[in-house]
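Here is the structure we will look at.
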Amino acid sequence: MEINVAAGRGRRDTEIELWLQLTVLTSRISSTLDKRLQRGHGVSVAEYTALVVMRENAKAGGVRMQDLAEAIGLSQSTVSRLVARLESEGLATRSIGEEDRRVMYAQISDQGKAVVTAAAATFQKELTTALDVASFDEQTAPLVARLRHNPASAEN
């Protein structure tokens, strides 16, 4: 189903159109990535993303659960359940903050690092492919073009 909201091309309509494109695009890409990551590596796209954020914060002793939730765009309670699943799979651990015992941290395990390393190529390949496909879809092509446009590279 194609929805055209471009009738009155004001700024607000353009922003709504972009929002709709973004919603469709992220839904399609997340679904594709989820299938490929589950099938190939046993993790969902949300779990993979959380593991990547944890890996990036490994030297800092982990990432606060609140910061992890913000980084991956999920609620704190959803992230808490997600990290609990990762912990039960041996991919992450949780710990209580030393200075503030109300703060919970998530850390990636060695097994989690191995999963991220193994899944990285799958993630990148499927993301690129999904964006390539979306670039030919009338509903999502304008957004993909905007996402892939890098004005900094045009200056060089």
Side-chain angles (χ1 to χ4, degrees), residues 1-3 5 12 14-135 137 139-150:
M1 176 175 104
E2 190 171 319
I3 298 173
V5 294
R12 213 175 245 181
T14 301
E15 289 173 350
I16 291 169
E17 187 174 346
L18 282 171
W19 171 251
L20 291 171
Q21 291 171 9
L22 179 62
T23 302
V24 169
L25 183 64
T26 55
S27 176
R28 288 179 186 169
I29 290 175
S30 290
S31 177
T32 299
L33 288 172
D34 238 7
K35 289 175 190 169
R36 299 295 192 266
L37 290 172
Q38 282 285 0
R39 194 174 304 140
H41 307 283
V43 292
S44 69
V45 69
E47 292 167 338
Y48 173 79
T49 305
L51 288 169
V52 168
V53 172
M54 283 185 245
R55 183 185 64 184
E56 291 171 356
N57 290 279
K59 290 181 181 172
V63 60
R64 287 177 0 147
M65 296 288 272
Q66 180 178 350
D67 295 337
L68 181 59
E70 288 178 21
I72 63 176
L74 296 174
S75 70
Q76 226 173 321
S77 62
T78 300
V79 167
S80 183
R81 290 189 301 274
L82 184 144
V83 173
R85 283 194 309 273
L86 292 172
E87 189 173 35
S88 72
E89 296 292 324
L91 304 177
T93 59
R94 290 180 289 181
S95 62
I96 296 172
E98 291 178 16
E99 292 179 19
D100 185 347
R101 301 197 51 80
R102 297 171 295 174
V103 178
M104 185 71 76
Y105 288 86
Q107 297 97 7
I108 191 168
S109 68
D110 289 340
Q111 186 179 346
K113 289 176 187 173
V115 167
V116 168
T117 299
T122 300
F123 183 88
Q124 185 60 56
K125 176 182 175 265
E126 295 302 330
L127 177 59
T128 299
T129 300
L131 287 170
D132 288 345
V133 169
S135 71
D137 183 318
Q139 193 173 9
T140 55
L143 180 60
V144 174
R146 288 179 80 161
L147 290 171
R148 286 184 161 172
H149 175 69
N150 183 353

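The figures here come from the full heavy-atom set of this structure, side chains too, leaving out hydrogens, waters and symmetry mates. Keep in mind that this is a model prediction, so the values were computed, not measured. One is the number of the first residue; the rest follow in order along the sequence.
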Point-to-point distance, once rounded to the nearest 0.5 Å, from CD of Gln124 to CG of Leu33: 10.0 Å
Spell out, as yes or no, whether a donor-acceptor pair under 3.5 Å connects the side chain of Ser135 to the backbone of Val144. no
How long is the gap from CG on Leu147 to CG on Leu22, to the nearest 0.5 Å? 7.5 Å
To the nearest 0.5 Å, what is the distance between CE on Met104 and CZ on Arg102? 13.0 Å
Atom CZ in Arg85, atom CG in Leu82: separation rounded to 0.5 Å? 4.5 Å
Considering non-hydrogen atoms only, spot the tightest contact between Ile29 and Ala130 and give its length. CG1-CB, 3.7 Å
Kindly state each residue pair satisfying salt bridge (Lys or Arg N to Asp or Glu O under 4.0 Å) with at least one member in residues 65-82, sequence neighbours excluded. Arg64-Asp67
All heavy atoms of Val43 vs all of Leu91, minimum pair found to be CG1-CD1, 3.8 Å
Give the minimum heavy-atom separation between Glu87 and Thr93, together with the two atoms involved. OE2-CA, 3.9 Å
Would you check if the side chain of Ser27 reaches a backbone N or O of Thr23 as a donor-acceptor pair within less than 3.5 Å? no
With a cut-off of 3.5 Å and sequence neighbours excluded, list every side-chain donor-acceptor pair involving residues 113-122.
from	atom 1	to	atom 2	distance (Å)
Thr117	OG1	Lys113	O	2.9
Thr122	OG1	His41	NE2	2.8

Over all atoms of both residues, closest heavy-atom pair of Ala106 and Met65: CB-SD, 3.8 Å
Beyond-backbone contact of Leu18 with Arg146, side-chain heavy atoms, under 4.5 angstrom: yes
Looking only at heavy atoms, which two atoms of Ser30 and Val45 are closest? And how far apart? O-CG1, 4.1 Å
Quick check: do Met54 and Leu86 have side-chain heavy atoms less than 4.5 Å from each other? yes
Applied to residues 103-127, the ring pair (Phe, Tyr, Trp, His ring centres under 6.0 Å) test, sequence neighbours excluded, yields Tyr48-Phe123
May I ask you to test the Leu131-Leu127 pair for a side-chain heavy-atom distance under 4.5 Å? yes
Quick check: does any side chain N or O of Ser109 sit under 3.5 Å from a backbone N or O of Gly90, one acting as donor and the other as acceptor? yes
Can you check side-chain contact (heavy atoms from CB on, under 4.5 Å) on Asp137 and Gln21, steps first, answer last? CA-CA 10 Å; Asp137 183 318; Gln21 291 171 9; over 6 Å; no
Rounded to the nearest 0.5 Å, the CZ atom of Arg39 sits from the CG atom of Asp34 at a distance of 11.0 Å
Nearest heavy-atom neighbours spanning Ser44 and Glu47: N-OE1, 2.8 Å
If I take atom NZ from residue Lys35 and atom CG from residue Leu37, how far apart are they, to the nearest 0.5 angstrom? 12.5 Å
If you apply the rule side chain to side chain donor-acceptor pair (under 3.5 Å), what do you find for Ser80 with Gln76, and how did you get there? CA-CA 6 Å; Ser80 183; Gln76 226 173 321; over 6 Å; no
